[in-house]
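Side chains are part of it too, since the values below use all heavy atoms of this structure and drop only hydrogens, waters and symmetry mates. Remember, predicted model here, so these are calculated numbers, not experimental data.
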Amino acid sequence: DRSSAASDVYKRQLLLATPALAYGDGTGDAVYINETELADGFTYINAVSYGSDGRVETYSLETESGGDVYPIVTACDTIYGGFTVTEMIAYAESLGYNVVGAVNADFGESTGVPTGMVVENGIYKSSSGSNNALAFSDGRAFLSRWPVVTLRFTNEESGFEYETSHLNKSRTDTGSYVYSEYFSTVSTRTSGEGWFVRFEVIGGDDLRLDESVELRVTEIVTDGGSVPIGEDNLILTASEAADLGWLLESFEVGDRVTLEVECSDDALAEADWMTGCGDILALDGELHEEGNWNSEIERANPRTAVGIRSDGSVVYYVMDGRSSASAGATLQQLVDDLLSMGCVDIVNLDGGGSSVMSLRVPGSDGFTVVNEPSDGKLRSVSSYILFVTDSDPNGRAERLFIAEDGAYVLAGSTVSLTPAATDSALQNVPAPDGVTLRAQRGSIDGTAYTAPSSAGTDIITLSSGGAGGSGTIHVVTGGDELSVTDAATGSEITQLMLENGESVDLDVAVSYLMRDVLTDDESVTYTLDGDIGSITAGGVFTAFSEGAAEGTIKVECAGLTREISVRVAFEFSDMRDHWAGEFVKELYEAGIVTGVSETEFGPSLSMRRGDFVLMLYRAAGEPEVGTGSGFTDVADDAYYADAVAWAVANGITDGKGEGVFAPDDTLTRQEGFTLLCRALDVLGISYSDGDVSVLDGFADGASVADWARQSTATLIAMGVVEGSGSGLNPSASLTRAEMAKLLASVI
């Protein structure tokens, strides 16, 4: 296994420089750890581990009690509805908070209502729902197991008393519910038959744990649906099915009522900020009721969790998962990780696609989402833990960093380092002029850093006047993947077909354990085989030959080699002056198509189904395929077998019925349109469904099969399909030239 072997190499490389690599006992030994102290008592740690399940990448924020940065909890602008982390930070900043980071917090309903408790700056905003709670007070964190908050109504006119525990939760047919203005600016969001008692707050303020407010009944509504809440109002409600009519009869308009808020946990009642949470995984350093952990999320997943150490410091832990870059962790692996970091109390928060960490990263504008959410985009979630500071921004550089902090650098390479700075409030500010950089192991001339010849970490210190700081460079002696791309387009180069005098700027990139490695031009060696042209030390290749010529460019860097086949002044003999010539050349250079022979492309030949799917598969980068296609006529060793399996797995094809794919059958134009359209999402192509009425503009539009009409209309709307001859010719064979035009038009 290449990644496992690379992991062992790295651990050997860093053995002398980093005595202790253990960062997570659950997900495996860490092969990469980078710590950045963003402020006193506020540290960001990025780590990569390799274990039995593969690679795992984690992101941690560690806070110390009494530090410059402390946690608060926010449940969006209202309890109902969710925010992305970007929206949440913007909202908190609009309230005046100086936010420096955020992680997702509680699980939530589809409506965005958090499943557990919410207390914001002492205001009780949502009940626990029989869930655990994570609380913060004066920057310290603690857990509360299944807290209960009782809302006790006492009618001062009649002496009637009633208790409920549901505050700002979605109403069900069991029990009664209380809504405050913090639930929604629209209404109670209830539906179906039910009743409502409206109270005006006439004594006291917001609901707070272990405090009371005085109320007056101002309205009774019995016609179901929902009602607006309003400022300084509370609503007591129950559905008709809850059979609580006797409770409704206990109140009349004008009644004075006392509402007492009583918390079962005295310590919790003193907390300023609170969020609900999932399973408590450990207490006092021991596993906690592991037999009762949520079995639905026990398997490997992306994670968000919190670990509390005995000294009061807290670890906020986000882990990527569900991808080749990070496998995620089971709940057992998660708790083992945090126990190994010295945490004694550990709780699981909402994870999966919700797991997110956003930071104000030195040297970057705004906020950066440092992890890779498994949805591929930010998810709206119910609540967040935000990290804020009360320090006022002064605009002066007080702490210095390098923008390349944590980067891999190839041994012996010279790369440029970029000083970055933050002020007293962790706001990014311009780095001062004349920053002095010093390296512990390598050498620095101005901002040009030359890495030492041996592997290990190198500490870079920065100073300028009263400002100072440090960063870390990780020096490696090799890589495990080498890629060559066209600097102008960013597309990977596997082969080239160039005219005399045509130039291509080769961009060489090295990665190690799936992280980029910084190198310089001197670290790359280019060797030309054949009379095909010349290449500069910076990788600019210029084609030149006497007549048609073939050869290779050999690229070597970091112990890795890549060969690129080159054809100069060459074109397929049957593509001279052909209308599809440029399309074929583009696809050939991208490694998507080949000729039917060394000299001919076969533009007028009909496409076969297996070959077209193979070309789509190549365009997608030939991702790994887990299982076979399931078709009886696609042999496991067929050259198109992986391509067909990939197409089946991604919903691009389901064959021709009766368990066959018919790979050698001629592909009709409408079949080609359909396969290509279904592949657009997988290829990362943005599009909108076309209006099928566009088919009416073609003489044979009505003959397009029902199953192909939407796909054909979509490609027409994209400008990919323009018709052929007098019409669309949907049942005609798709030629190889037509195929080239279709593919080149979308990739």
Study note, to complete from the structure: Between Tyr408 and the options Leu518, Ile473, Leu513, the side chain to side chain contact (heavy atoms under 4.5 Å, CB included) test singles out Leu513
Revision key, fill the gap. Between Leu143 and the options Ile346, Leu268, Asn132, Leu283, the side chain to side chain contact (heavy atoms under 4.5 Å, CB included) test singles out Leu283
Check your understanding: If you measure from the Lys or Arg side-chain nitrogens to the Asp or Glu carboxylate oxygens, is any gap between Glu37 and Arg399 under 4.0 Å?
Key -> yes
Review point. Is Arg360 salt-bridged to Glu93, cutoff N-O under 4.0 Å?
Key: yes
Practice item. Begin from the C-alpha positions of Arg322 and Glu372 and carry the test salt bridge (charged side-chain N to carboxylate O under 4.0 Å, His left out) through to its verdict. Key: CA-CA 10 Å; Arg322 300 177 187 165; Glu372 296 288 339; over 6 Å; no
Review point. Would the Phe42 and Tyr70 ring centres measure less than 6.0 Å apart?
Key: no
Point to revise | Near-ring test Phe142/Phe136, centroid separation under 6.0 angstrom | key: no
Practice item. Identify, with sequence neighbours excluded, every residue that meets salt bridge (charged side-chain N to carboxylate O under 4.0 Å, His left out) alongside Arg379. Key: Asp375
**Study point:** Contacts of Lys125 that satisfy salt bridge (charged side-chain N to carboxylate O under 4.0 Å, His left out) - sequence neighbours left out
**Key:** Glu120
Exercise for review: Might you point out which heavy atoms bring Val314 and Ala141 nearest each other, and give the distance in Å?
Suggested key: CG2-CB, 3.8 Å
Exercise for review: Identify the two heavy atoms, one from Asp350 and one from Ser355, that lie closest to each other, and give their separation to 0.1 Å.
Suggested key: O-OG, 4.0 Å
**Study point:** Reported OG1-to-CD1 distance for the pair Thr74 and Ile385, which is rounded to 0.5 angstrom
**Key:** 9.5 Å
Practice item. Could you walk me through whether Asp392 and Ser424 pass the side chain to side chain donor-acceptor pair (under 3.5 Å) test, one step at a time? Key: CA-CA 7 Å; Asp392 293 325; Ser424 55; over 6 Å; no
Practice item. Keeping to residues at least two apart or across chains, list the salt bridge (Lys or Arg N to Asp or Glu O under 4.0 Å) pairs with something in residues 301-314. Key: Glu62-Arg309
Exercise for review: Any chance you could lay out the ring pair (Phe, Tyr, Trp, His ring centres under 6.0 Å) test for Tyr317 and Tyr59, step after step, and finish with the verdict?
Suggested key: CA-CA 6 Å; Tyr317 197 54; Tyr59 315 82; 9.3 Å; no
